[in-house]
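To start, the structure under review is shown below, and the notes come after it.
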Amino acid sequence: MTSRQAAIYGVSGPELSSDEIDFISEAKPLGFIIFSRNIISLEQVSNLISHLKSFVKDDETLVLIDQEGGRVARLRPPLIREYPKAEIYGKIYELNPVNAMRAAYLGAVLMAKDLLRLGINVDCTPCLDLSLPQTSDVIGDRAFSKHPEVVGALGQTVAQGFLDEGALPVIKHIPGHGHGTVDSHESLPIVEASLDELVNDFAPFRQCNYLPLAMTGHLMFNAIDAENVSTQSAKLIEKVIRGHIGFDGLLMTDDISMKALSPDKGITLHAENALRAGCDVILHCNGDASEMFPLMETLPRLTGRALERADKAMKLLSSKTSKIDAATAEEEWKELISAHFPESPKNV
């Protein structure tokens with residue numbers, strides 16, 4: 001892979017501005033992330049993605065999206081089909097694990113097909129956080145279950161659906177957002193749970209630790225590091241994410257511009273602290289030029305283990321012919337869901 005900046009950026013709108021073109025041409029980041037503000041039509045978003053990929057002609061470029069299903073979906077009907085929230089698969093699992101696993105797998109296959117047609121090759125899913133009584137609504141029904149083994153099993157099968165189509169999943173929000181009681185977009189969740197309690201939060205990530213990409217959560221785990229938010233904690237990343245969980249793939253931050261990270265301290269400082277702590281790649285989502293351009297000017301190129309992890313992930317992307325027919329998969333998927341939820345999948 002050619003020299004790429006250790007960053008993934010959002011852009012401001014449905015087309016690139018002249019300033020964005022200039023900065024991206026120079027920075028050549030590892031990838032980009034697409035949001036609703038970037039989407040008008042399928043043709044338009046496909047053209048935008050082609051433009052983004054054109055800046056690195058001899059390599060693949062990662063193009064990410066948050067397309068979980070349910071309320072977290074940047075692409076919606078009539079552009080693509082609607083997908084259920086993760087909680088639905090967890091509820092089916094309680095009744096029939098085999099049906100749940102098959103439905104989750106087929107849903108992932110169909111979603112990958114939808115995204116790959118547009119040039120999007122990475123989906124920020126599955127969410128491996130637990131759904132606990134105290135879990136913030138920012139997670140809520142985005143979680144499969146409160147049971148670690150159910151979350152891990154469904155996470156594995158969703159990830160495999162993407163990989164089988166030649167797309168990459170991103171497990172999140174490592175090491176677990178289940179004990180977070182506030183929305184990290186707005187403030188810093190401070191977790192007082194003991195290490196023994198947190199082992200359950202870590203368990204689904206341990207089960208999925210072989211996957212290529214993971215996204216951090218911005219939380220303060222007092223039992224592990226009471227001074228640094230997890231994304232900027234060398235102790236947590238080394239001992240929990242790389243150690244106990246055993247994840248050795250490419251580790252990206254959650255959006256570095258989220259308010260959990262004290263915006264008054266400066267975006268470039270937060271990014272530098274995250275890289276210094278052991279994150280491989282900075283994710284910056286909001287497309288705000290006043291933040292993005294300083295990051296593009298200062299962030300380093302991928303080197304060492306981070307570069308190796310990025311290369312390894314890139315090699316999993318492929319243009320292979322899918323073994324699953326979309327129409328057949330959709331029919332079976334809908335039947336599996338409607339067997340437990342008579343409503344159409346779009347209503348669940």
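Computed over heavy atoms, backbone and side chain alike; hydrogens, waters and symmetry mates excluded. Computed from a prediction, not measured in an experiment: that's the story for all the values here. In this chain, numbering begins with 1 at the start of the sequence shown.
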With a 6.0 Å cut-off (strictly less than), is the heavy-atom count around CD of Glu15, excluding the residue itself, greater than 12? no
For the pair Arg242 (side chain) and Phe247 (backbone), establish whether a donor and an acceptor sit closer than 3.5 Å, ignoring hydrogens and angles. yes
For Asp288 and Ser290, which I'm curious about, is there any donor-acceptor pair between the side chains at under 3.5 Å? yes
Quick check for you: to the nearest 0.5 Å, what is the distance between Gln232 atom CD and Ile237 atom CD1? 9.0 Å
Compare all side-chain heavy atoms of Pro148 with those of Leu130 and state whether any distance is below 4.5 angstrom. yes
To the nearest 0.5 Å, tell me how far Glu197 CD sits from Phe202 CZ. 11.0 Å
Stepwise, does the salt bridge (charged side-chain N to carboxylate O under 4.0 Å, His left out) test hold for Lys172 with Asp66? CA-CA 11 Å; Lys172 62 185 188 185; Asp66 285 305; 3.1 Å; yes
Distance-only, no hydrogens or angles: does the Arg301 side chain make a donor-acceptor pair with backbone N or O of Ala27 under 3.5 Å? yes
Got Ile8 and His284 here, is their nearest side-chain heavy-atom distance under 4.5 Å? no
Go through the side-chain N and O atoms of Asn228 and Ser233 and say whether any donor and acceptor fall under 3.5 Å apart. no
Looking only at atom types and distance, does a side-chain atom of Asp254 sit under 3.5 Å from a main-chain N or O of Thr231, one as donor and one as acceptor? no
More than 12 heavy atoms of other residues, nucleotides or ligands under 6.0 Å from CD of Glu332: yes or no? yes
Sub-4.5 Å side-chain heavy-atom contact between Phe32 and Ile24: yes
Pair Asp164, Tyr105: side-chain N/O donor-acceptor within cut-off below 3.5 Å: yes
How about His173 and Asp129: does a side-chain donor come under 3.5 Å of a side-chain acceptor? yes
Arg4 versus Thr61, side-chain donor and acceptor atoms under 3.5 Å: yes
Would a 4.5 Å heavy-atom cut-off, applied to side chains only, mark Gln134 and His179 as touching? yes
Any luck finding a side-chain donor-acceptor pair between Asp255 and Ser257 under 3.5 Å? yes
Write down the atom of Ser12, the atom of Gly287, and the distance for their closest heavy-atom approach. CB-O, 3.7 Å
Leu75 and Ile120: CA distance, side-chain angles, deciding distance, side-chain contact (heavy atoms from CB on, under 4.5 Å) verdict: CA-CA 11 Å; Leu75 286 158; Ile120 299 169; 4.2 Å; yes
Do the ring planes of Phe144 and Tyr89 sit parallel (below 30°), tilted (30 to 60°) or perpendicular (above 60°)? tilted
Shortest non-hydrogen pair, Ala271 vs Leu295, comes out as CB-CD2, 3.7 Å
Hey, is the main chain of Gln67 close enough, under 3.5 Å, to the side chain of Thr125 for a donor-acceptor pair? no
Below 4.5 Å, heavy atoms only, C-beta onward: do Ile39 and Arg74 meet side chain to side chain? yes
Taking the side chain as every heavy atom from C-beta outward, state whether Asn209 and Asp248 have any atom pair closer than 4.5 Å. no
Judged by atom type as modelled, is there a donor-acceptor pair below 3.5 Å linking the side chain of Thr135 to the main-chain atoms of Ser131? no
Verify the distance criterion only: is there a donor paired with an acceptor across the side chains of Asn273 and Arg276 at less than 3.5 Å? yes
Between Phe293 and Phe23, is the ring-ring contact (aromatic ring centres under 6.0 Å, His included) condition met? List the steps. CA-CA 7 Å; Phe293 294 167; Phe23 273 89; 3.9 Å; yes
When Tyr93 is tested against each of Ile88, Val98, Val150, Asn99 for side-chain contact (heavy atoms from CB on, under 4.5 Å), which residue passes? Val150
Counting C-beta onward and ignoring hydrogens, is there a side-chain heavy-atom pair between Glu165 and Leu116 closer than 4.5 Å? yes
For the backbone of Val11 and the side chain of Arg37, can you confirm whether one donor and one acceptor N or O come within less than 3.5 Å of each other? yes
Just checking, is any N or O donor in the side chain of Asp114 or Tyr83 under 3.5 Å from an acceptor N or O on the other one? yes
Lys235 (side chain) donor-acceptor with Ile224 (main chain) under 3.5 angstrom: yes
In sequence, state the C-alpha distance, the side-chain angles, and the governing distance for Lys53 and Glu60, and then conclude on salt bridge (charged side-chain N to carboxylate O under 4.0 Å, His left out). CA-CA 7 Å; Lys53 288 185 173 183; Glu60 183 64 270; 3.7 Å; yes
Keeping Asn47 on the side-chain end and Glu43 on the backbone end, is there a donor-acceptor pair under 3.5 Å? yes
Quick one: does Arg81's side chain have a donor or acceptor within less than 3.5 Å of a partner on Pro77's backbone? no
Return yes if some donor-acceptor pair links the side-chain N/O of Glu308 with the main-chain N/O of Arg305 below 3.5 Å, else return no. no
Quick one: does Val229's side chain get under 4.5 Å of Leu261's, heavy atoms only? yes
Tell me, yes or no, whether the heavy-atom count around Glu238 atom CD, taken from other residues, nucleotides or ligands under 6.0 Å, exceeds 12. no
CG/Asp325: more than 12 non-hydrogen atoms of other groups inside 6.0 Å: yes
Between atom OG of Ser145 and atom CD of Glu94, what is the distance when rounded to the nearest 0.5 Å? 6.0 Å
